[in-house]
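A quick write-up on the structure given underneath.
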Amino acid sequence: MAFDPLVIPFSLGLIFLLIVVFYKYYTWIRQMPKPKNPPKGLNRIKAYFDASIEVIMESLLHRKIFKQNKLLGYMHMSIAFGWFMLIVVGNLEAKMTSTNAINPPYFPIFLNFFAPDRSLTPGHGIFSFTMDLFLAMVLSGLLLAFIKRSKSRLFGMRRTSKMRGMDKIALYSLWLIFPLRLFAESFNAYNHNSGNFLSANCGDFFATFLPVAQLEYSMWVLYSLSLGVFFVALPWSRYSHIPTEVVLIFIRHLGYRSCVKPTGYNMFDLYSCSRCGICIDQCQINILSETNKTVTAHYIYDMRVGNKNDFGLYSCLACGRCEEACPVGIKTVDLRIGKRYSETPQTVVKYNVPKPLKPTAHNVGYFSGCMGKLTPSVIESMHTIFRAANENVLHIDKEDGICCGRPLILSGRVDQAAQLIQLNKDRIVASGIKTLVTSCPICLKTFKEDYDLNIEVIHHSEYIEQLLETRKIKTKFTNQNVAYHDPCELGRGLKIYDAPRNVIRNVAILSENPNKNERELCCGGSLAGIALSQEQKQTLASDAIHQIIDNETKALITSCPLCKKSFTQTSVIKVMDIAEIISQNLILPAEHKVKEKQHVQEFVNYN
Amino acid sequence: MTTLKYQTVIIGGGVAGMAAATELHKSGSKVVLIEGNKKLGGQVNNWYKVFPNFRPASEIVNSLSTNLLKDKIPVLLETSITHIESNSGNYILKSNQGQVIEAETVLLATGFNTFDPSGKEEYGYGIYPNVLTSVELEQRLKTNTNGISPKRIALVHCVGSRDEKVNRLHCSKVCCVSAVKQAIELKEFYPNAEIICLYMDLRMYDNGFEELYRDAQLQHNIKFIRGRLSECALNIEKDLVLKIQDTLAGLPMKLTVDQLILMVGKEAHQLPQFDESIIIEKASHGFIKPADSHLNPNTTSQPGIFCCGTTSGPKTIQETISDARSASLAVCDYLNKK
């Protein structure tokens, strides 16, 4: 078996890396609860297949980053895919060269050192060309990465991540690996009159002014050393994403999910972040501070090394814009809430809650939620719509209600939230309703994801859409120009984008803003932003409004009571909930008009 | 167009502006008073009676405006200053009526606005007809149009004051005692009704305030609950149901009332537009920040521009008038030294 002391740094580094990585993954996998719906039978095989495809598309080819910016995509792809191909082709070539059944792992890496003359290896020409091609590819990626450090705007990024601690060691050793490999290979090519377009030409060039015969061995040693250092630094650096992301893709396809109570899955998420910095420009906290401690790329670093960063932890709006932008699909919101959970003492609270509801004959129940209570105009509008549609609706939390639990979850009090959720669930189930309509996207998301209710749960925009489609209510069209704001929990959270827009188009002209749908801005009022002052929240709201509306916009329509509240305080134009604009433009039959009049009269009868 | 020349322009014809105009005139300064409305008196015109002695507010306005008339002090009504620029130590003011005024000093007496509670929707203002602001109540008391007898009325203190949720951290100073005054007036209108004040603190800091508060409890049987209103809704009978946190008992409670009065706080009135070279510093609550709050309360960060009354923060009428008189001394001092 071929051996030379120069392989020792590489081999030791690799052994160290494998031990650390396997130990970590073993521990994390043990900390993962069994998935709720794991794929079974054929689906399991399909899951493995799909995962492998995703690994190729994302971990190697970086398809999602390509979509974002071609240059950035090429940079990531050239390094990942180029290096991968160097390993694959190198191994193949080593197999063809050596007569041994098993080669030591360092053999393909230092193949040119051990077997400089391979003119007899089958396909030698193709191998040597391919190896040079992929080395050139990696080197071009490195050059781009180097440029990106100072000129990130070329790559579609206003800001990029800063290197800290172990990342620096890993980064510098990574940057050295491939130039050193080029030196070693090209010197080798000159000395043995081999090589291809890159190594042979570089060898000839270097030989004009360097003593390449004497330098070759030291280059191989330095190459081995840089690999060794990189492997040792890898598990503690951003480059831990290289192996971790692959595992993450597989466990995701096998049905494992992240959780607000941290599990091993969250650890895979945490170490899958390459701190590529794509999320940085998405974070709205940027407008509040020059040195944004909140943005996920930075916060994840603090989480990994255990830095205390309370502002970063508690100022996050949990709006999910970074999660939407993340090419790896890291559940950034769950990571942060999970951290809040582990920092918060969980106590058992004795809640003084209203009695369970009595079974009723109502089919539809309406839950206005706590935020709805703070915007009574929404509730009044919903009641007007219910009356107009002749729908007999049970207002579940009219007099007394229980919070859906989401504010507690967002503050990290997940166990208390579970208590509330159980109490509220019992109450809703006891009422015997078949459909639950809620005005608040925060409640809606919680009902859908944390309640396991066996009834239909819909947002009031979907409900109004149904009423309009079935012609239970009729509206008149106004030539008003309005803008629509997608609430975080309804849009990014539940992917409900069309229903509100369809509803609005019945009564007004809807102009779309460039940040619509999954790129929509948060209103700033998020319950998750605990560390933000009201002033900071209003700055966020006012910035968002200016990006959503233009001079023609007469009203800003939203479908979340919390967004409505945040915007109202700073908006120059009228802010309305979707229910309000509909109730104001209802066409009522004559007998209804009389009823409505009576209803209004009852308000003011003693005045 | 000719330029009108004065030594001092006073912007705002409320009690502060009127008091300062008279005082400056007495000390020989050539002064003009500018008011945006048809009538002098500013916010005090909106009040029926004033605390602590239930004196009609119109008496104060009339007394001050009679002095102006007597002294033949020029007053420009329905005029608002749209732009102010500095010109070799003097100021050039342009109005919406097209006048151009040159003056050596400008005294800002622009006063305050009341907080618009429609942004604090949970209190039901603008949604339920029986929720009104303290200013609207004054109007109804003045014109005796508050309708037939309600059984229970609640007055909520600190609406738009000391409330981080609406980004207003300052105390508006006069709402506590205003609420006590209005509660007594309501009780006199509706002797059988229950009148409840929902307060955070009761800041009865000036002469006669504490006595008024005592009277309210002992003579008028007005109830005071230390509690924060969280939300206001309607029940089936169309009564207003208030959800309150009783902060002494530490318990949530519900209260059904027929009418809800919101004691709206004070916030800074918009200032005229200044040229870029003129810098008027403002404090965190949006009112003008005096150069020295103890020693020079009427001097702004811009030499030659002064402030008086509620332009630099919430004040009672009495404090406003004293402050206006002190401002006129500061203006005279500046003119003499010039």
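Quick caveat, the model's predicted, so the values are computed rather than measured. Numbers restart at 1 for each chain; the letters A, B, ... are given by sequence-line order, proteins then strands.
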Q | For A:Ala389, all residues meeting side-chain contact (heavy atoms from CB on, under 4.5 Å), sequence neighbours excluded | A | A:Glu391, A:Leu467, A:Lys472, A:Ile473
Q. Take atom CD in A:Glu535; do more than 12 heavy atoms of anything else shown fall under 6.0 Å from it?
A. no
Q: Could you look at A:Lys537 and say if it's the side chain, the backbone, both or neither that has a heavy atom under 4.5 Å from chain B?
A: neither
Under 3.5 Å, which donor-acceptor pairs do the side chains of residues 399-407 of chain A form with other protein atoms, sequence neighbours left out?
from	atom 1	to	atom 2	distance (Å)
A:Asp400	OD1	B:Lys254	NZ	3.1
A:Arg406	NE	A:Glu489	OE2	3.3
A:Arg406	NH2	A:Glu489	OE1	3.4

Q. In terms of heavy-atom pairs under 4.5 Å with chain A, which of B:Val241, B:Asp116, B:Asn167, B:Val166 leads?
A. B:Asn167
Q: Please indicate whether B:Lys243 has more than 12 foreign heavy atoms, meaning atoms of other residues, nucleotides or ligands, lying under 6.0 Å from its NZ.
A: yes
Q) With only heavy atoms counted, which part of B:Glu231 is less than 4.5 Å from chain A, the side chain, the backbone, both or neither? A) side chain
